[in-house]
Amino acid sequence: MFKANNPTEPILSDKTIDNIVYPSPVVTGKVLHFSREQLDQIKRNANEGALETSQHISTFVALTSHLYQRLYLARRQLATTRGWPTLEALSSDILTPINWRRADRLSLPPRYFPNAVLTTTMSLRPDELAEASLSVIAQRWHDRLGGMTPADARQTLAWITAQPNKRCIVPKFRLQHGGFMISQWSNIPLYETATFGGAVPVLIAPPFTTISTIDGLGYILPSAPQQSDGSLDIYLALDADVWVVLDQDVEWIPNVVVPAEVEIHYQEGDGR
């Protein structure tokens, strides 16, 4: 999750890898709508061929595994087109935050009101991420998400506390050129708990701004009330050229909904 860094050593920027400078992408935010039928199909694919002893793959794990692999393949294709050293330049990391305040996790006291978020990350070998079946990737991601115990979480927090210089702590997750960060908001009762004078909001969603339009950052939300059929919306920001490749991917299932007021372009690094 974290590692110590030598503060005397320079840290390469996200534009430089192996002394090769890559241009910052123009990042575009889009909304992907997954129908209940599409989610069910992805979930069936993720559970296909699973051993009877294996635990059932959830919708969240199946969907994020699907996005993880398809995004990597699109970026890999684009990197080849651009003449980049594909395997060396691309990150194959995935990250998701998990709230540890629940009773079956850190069991924090009732008076503790904030969330207690720790991130879980995974990195697969480039060849495995590119060639393995969705069921294999989903099983690896499922095992990783369930691999941290409350004792592990407390040990991580104790390690952070013990570091004399917190600036030397850096995450292992590699965002540069391929990292995928996904946050699950779909299990939050957004529309059920937010009312305005008895009226249900038409839409609750994170906006695409200069601080949220980061290449590879996404949020999973329940669809608006008028589509309350178990469908989900993914608010995802990507390199604009990656979207072009994904549009040609026959396995990129969702229909893309991009209202004019939603799609925003930023040069990565601007305003940050």
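Side chains are part of it too, since the values below use all heavy atoms of this structure and drop only hydrogens, waters and symmetry mates.
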With side chain to side chain contact (heavy atoms under 4.5 Å, CB included) as the test, would you mind laying out the steps for Ser123 and Lys172 before giving the verdict? CA-CA 10 Å; Ser123 181; Lys172 290 183 177 180; over 6 Å; no
How close do [X] and [Y] get, heavy atom to heavy atom, and via which atoms?
X      : Y      : result
Ala46  : Ala138 : CB-CB, 3.9 Å
Ala116 : Arg101 : CB-N, 4.1 Å
Thr28  : Ala240 : OG1-CB, 3.5 Å
Ser223 : Tyr191 : O-CE1, 3.7 Å
Pro222 : Leu190 : CD-CD1, 4.0 Å
Arg70  : Leu246 : O-CD2, 3.8 Å

Same cluster for [X] and [Y] if Ile/Leu/Val/Met/Phe/Trp/Tyr side chains link at under 4.5 Å?
X      : Y      : value
Leu145 : Leu106 : yes
Ile182 : Leu73  : no
Val244 : Leu238 : no
Val31  : Leu203 : yes
Leu217 : Ile188 : yes

If I take atom [atom1] from residue [X] and atom [atom2] from residue [Y], how far apart are they, to the nearest 0.5 angstrom?
X      : Y      : atom1 : atom2 : answer
Asp143 : Met122 : CG    : CE    : 9.5 Å
Ile57  : His142 : CD1   : NE2   : 5.5 Å
Leu124 : Glu131 : CG    : CD    : 12.5 Å
Asn99  : Leu118 : CG    : CG    : 9.0 Å
Asn187 : Ile220 : CG    : CD1   : 9.5 Å
Asn47  : Ile42  : CG    : CD1   : 12.5 Å

Any [X] side-chain heavy atom under 4.5 Å of [Y] side chain:
X      : Y      : value
His33  : Ser231 : yes
Asp215 : Arg75  : yes
Pro150 : Trp100 : yes
Pro97  : Gln184 : no
Asp241 : Arg82  : yes
Ile234 : Leu63  : yes
Ile98  : Arg105 : yes
Leu67  : Tyr72  : no

In terms of relative ring orientation, are Phe180 and Tyr68 parallel, tilted or perpendicular, with 30° and 60° separating the classes? parallel
Classify the ring geometry between Phe208 and Tyr235 as parallel (under 30°), tilted (30 to 60°) or perpendicular (over 60°). tilted
Does Arg36 pair with Asp40 as a salt bridge, N-O distance under 4.0 Å? yes
Should Thr96 and Thr64 be marked as a side chain to side chain contact (heavy atoms under 4.5 Å, CB included) after you check the CA-CA gap, both sets of side-chain angles, and the distance that decides it? CA-CA 9 Å; Thr96 193; Thr64 52; over 6 Å; no
Derivation and outcome, side chain to side chain contact (heavy atoms under 4.5 Å, CB included), residues Arg144 and Ile94: CA-CA 11 Å; Arg144 181 63 177 168; Ile94 181 174; over 6 Å; no
Taking only residues at least two apart or on different chains, which pairs with a member in residues 114-125 satisfy salt bridge (Lys or Arg N to Asp or Glu O under 4.0 Å)? Arg125-Asp127, Arg125-Glu128
Start with the C-alpha distance between Phe173 and Thr119, add both sets of side-chain angles, then the distance that settles side chain to side chain contact (heavy atoms under 4.5 Å, CB included), and finish with yes or no. CA-CA 10 Å; Phe173 175 77; Thr119 58; over 6 Å; no
If you count the non-hydrogen atoms of other residues, nucleotides and ligands that lie under 6.0 Å from CZ in Phe113, is the total more than 12? no
Flag, side chain of Ser65 to backbone of Ser135, donor-acceptor distance under 3.5 Å: no
Residues passing the ring-ring contact (aromatic ring centres under 6.0 Å, His included) test with Tyr219, sequence neighbours excluded, are Trp185
